[in-house]
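Have a look at the structure below, then the notes.
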There are 2 protein chains.
Amino acid sequence: MARTAAAKPDLSRETIVDRALAIADAEGLAAVTIRRIAVEFGVTPMALYWHVSNKDELLAAMGDSFFVGLQVPSRDGWLDELRAIMVVLVESLRRHPASAPLAAQRVMASEPGLELAERTLALLLAAGFNQTQTSDIARTAMQTAVMLITSQAGSELDVPAEQREAHMLAKRAALEALPASKFPSVRMCLQSLTDCDDEQAYYDFGIELFVGGVARLHDRRTA
Amino acid sequence: MARTAAAKPDLSRETIVDRALAIADAEGLAAVTIRRIAVEFGVTPMALYWHVSNKDELLAAMGDSFFVGLQVPSRDGWLDELRAIMVVLVESLRRHPASAPLAAQRVMASEPGLELAERTLALLLAAGFNQTQTSDIARTAMQTAVMLITSQAGSELDVPAEQREAHMLAKRAALEALPASKFPSVRMCLQSLTDCDDEQAYYDFGIELFVGGVARLHDRRTA
DNA sequence: ACCTGAACACCGTTCAAGT
DNA sequence: ACCTGAACACCGTTCAAGT
């Protein structure tokens, strides 16, 4: 009866993946270690190998997790549909920013990832893009979503959560020390370069940039 | 006089960085190891620490290398200028695809990187974007360039050069095994999804997609 | 079915010591 | 000025053994 909440759940493939994602959230992907996870479960490193065949498979499972249960609402136009896919994808990746890059390697290798890919490809083909363009745009869509997530918090993702504030301030201080004569624009954009006050706005902006690029490509193609 | 060409050059910060980039090219970033580099120079691991303070500094130096000596030709319109920057950046990153991600972490932290950033920011500010938009677009520009490089060869960058062909074929075989009833579009795009027959065209396409997105954003803003 | 113990071949890095 | 030796605290992983 003295079971404290969420402390040391049973070892299973699922709980291992969850723990790995949590560690990555807090301290970056590099902190995700078979041995570290084992310690957190109060178990021997080798115990994990019963549930997961090796570390690569664990990382793959972490990547797969971003695609399960994704519900893309349908829209009227193909462009709005594409945007909806990006929105859902970005929302999913935001849950575990540091692990987001793992998703890109798994879109075409997991069932739910493939379903999302199929939907995206079908949409672009129907819009009139040829196979090469469709493939390139779809690939770029996935990569763009990951990029938005990882560029946001920036490289601070590898830094432990508590140190991120200090890390950001140090970065800003370095830019502030730059001569305004040689780097006027950097100095001018200092605030927005080092701090993102509105995360959601940044993601919307990035999605719009991508979708807009696709739209323009489509216009040019039919013109 | 029996000095075979390019075999075991003297140990120095520069030759160490070059070797590290070469190893990454051949076997991926993960293969870049202090100990591995030491072996290739026929020297003790600790010997490297005289020239480079630690591994992070080595990775930083690898990232910095992409920006040195970049010459961006000037263009008439701001949009063409932005495109020219992207072209030069992509060309530089292509030299060492697996190490390209290191560049993104160094744009705002190295002298030549900052010069490129300054130029890009100035250009966007002059075009009428506000500070937030300018920062976001410039950041996206850098990330997009890296993304184009890394998404191209795909995750195969971590795979030793000789095994990449086999790796790609295995990937294609997996997609070919997919039921055409459930994944018609994936099957239809199979060729272009797994093989990039024209690298240059892919980069041009990606750059156009980005530049086009920026252009559309600018149009909307002034409309 | 699930986990442990011992061992192996790797990492980065420190610190004192050599030449 | 530049490099080595020995050592430490980490990795992932195998394989036989326990319960």
Side-chain angles (χ1 to χ4, degrees), chain A residues 3 7-24 26-63 98-99 101-102 105-106 155 157-160 163, chain B residues 3 7-24 26-64 98-99 101-102 105-106 155 157-160 163 167:
Chain A
R3 198 212 248 169
K8 298 207 188 168
D10 286 348
L11 208 56
S12 75
R13 195 185 156 87
E14 217 193 329
T15 56
I16 290 172
V17 170
D18 285 349
R19 204 62 155 211
L21 289 168
I23 294 173
E27 300 171 42
L29 255 190
V32 174
T33 273
I34 295 284
R35 296 179 113 105
R36 163 73 180 273
I37 298 171
V39 168
E40 300 213 357
F41 276 102
V43 100
T44 278
M46 295 72 74
L48 301 200
Y49 284 89
W50 179 260
H51 305 276
V52 147
S53 62
N54 55 39
K55 194 179 175 183
D56 277 349
E57 212 211 51
L58 170 58
L59 294 173
M62 291 168 71
S99 305
L102 300 174
Q105 299 169 13
R106 297 297 297 171
S155 55
L157 287 181
D158 282 342
V159 171
Q163 299 171 26
Chain B
R3 198 211 246 171
K8 299 209 185 166
D10 286 348
L11 208 55
S12 75
R13 196 185 155 86
E14 218 193 328
T15 56
I16 289 172
V17 171
D18 285 349
R19 204 62 157 209
L21 289 168
I23 293 173
E27 300 171 43
L29 255 190
V32 174
T33 274
I34 295 284
R35 296 179 114 106
R36 163 73 180 271
I37 298 171
V39 168
E40 300 213 355
F41 276 102
V43 101
T44 280
M46 295 71 74
L48 301 200
Y49 284 88
W50 181 260
H51 305 276
V52 148
S53 63
N54 55 39
K55 193 179 175 182
D56 277 349
E57 213 211 51
L58 170 59
L59 294 173
M62 291 168 72
D64 291 346
S99 305
L102 300 173
Q105 299 169 13
R106 298 296 298 171
S155 55
L157 287 180
D158 282 342
V159 170
Q163 298 171 28
H167 192 262

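Lettering of chains follows the sequences in order, A, B, ..., and the numbering in each one begins at 1. Just so you know, these numbers use all the heavy atoms, side chains as well, and skip hydrogens, waters and symmetry mates.
In this structure, the separation between OG1 on A:T33 and CD on A:E40 is 10.5 Å, given to the nearest 0.5 Å. Distance check: B:L59 CG to B:D64 CG gives 11.0 Å after rounding to the nearest 0.5 Å. Atoms CD and CD, on B:E27 and B:Q163 in that order, are 9.0 Å from each other to the nearest 0.5 Å. Distance CD1/B:I34 to OG1/B:T44: 13.0 Å, rounded to 0.5 Å. A distance of 13.5 Å separates CZ in B:R19 from CG in B:L58, rounded to the nearest 0.5 Å. Rounding to the nearest 0.5 Å gives a distance of 9.0 Å between CE of B:M62 and NZ of B:K55.
Heavy-atom contacts from other residues, nucleotides or ligands closer than 6.0 Å to CD of A:E14 number 12 or fewer.
Contacts with DNA chain D (heavy atom under 4.0 Å) in residues 30-41 of chain A: A:T33, A:I34, A:R35, listed by number.
The shortest side-chain heavy-atom distance between A:I37 and A:V43 does not fall under the 4.5 Å cut-off. Looking only at side-chain heavy atoms (C-beta outward), B:L29 and B:L102 come within less than 4.5 Å of each other. The closest side-chain heavy-atom distance from A:T15 to A:D10 is not below 4.5 Å.
Helical stems in DNA chain D, defined as runs of 3 or more consecutive Watson-Crick or G-U wobble pairs with donor-acceptor distances under 3.5 Å: C:4-8 with D:12-16, C:12-16 with D:4-8.
A 4.0 Å heavy-atom criterion places the boundary nucleotides of DNA chain C facing chain A at C:dA1 to C:dA6, written 5' to 3'.
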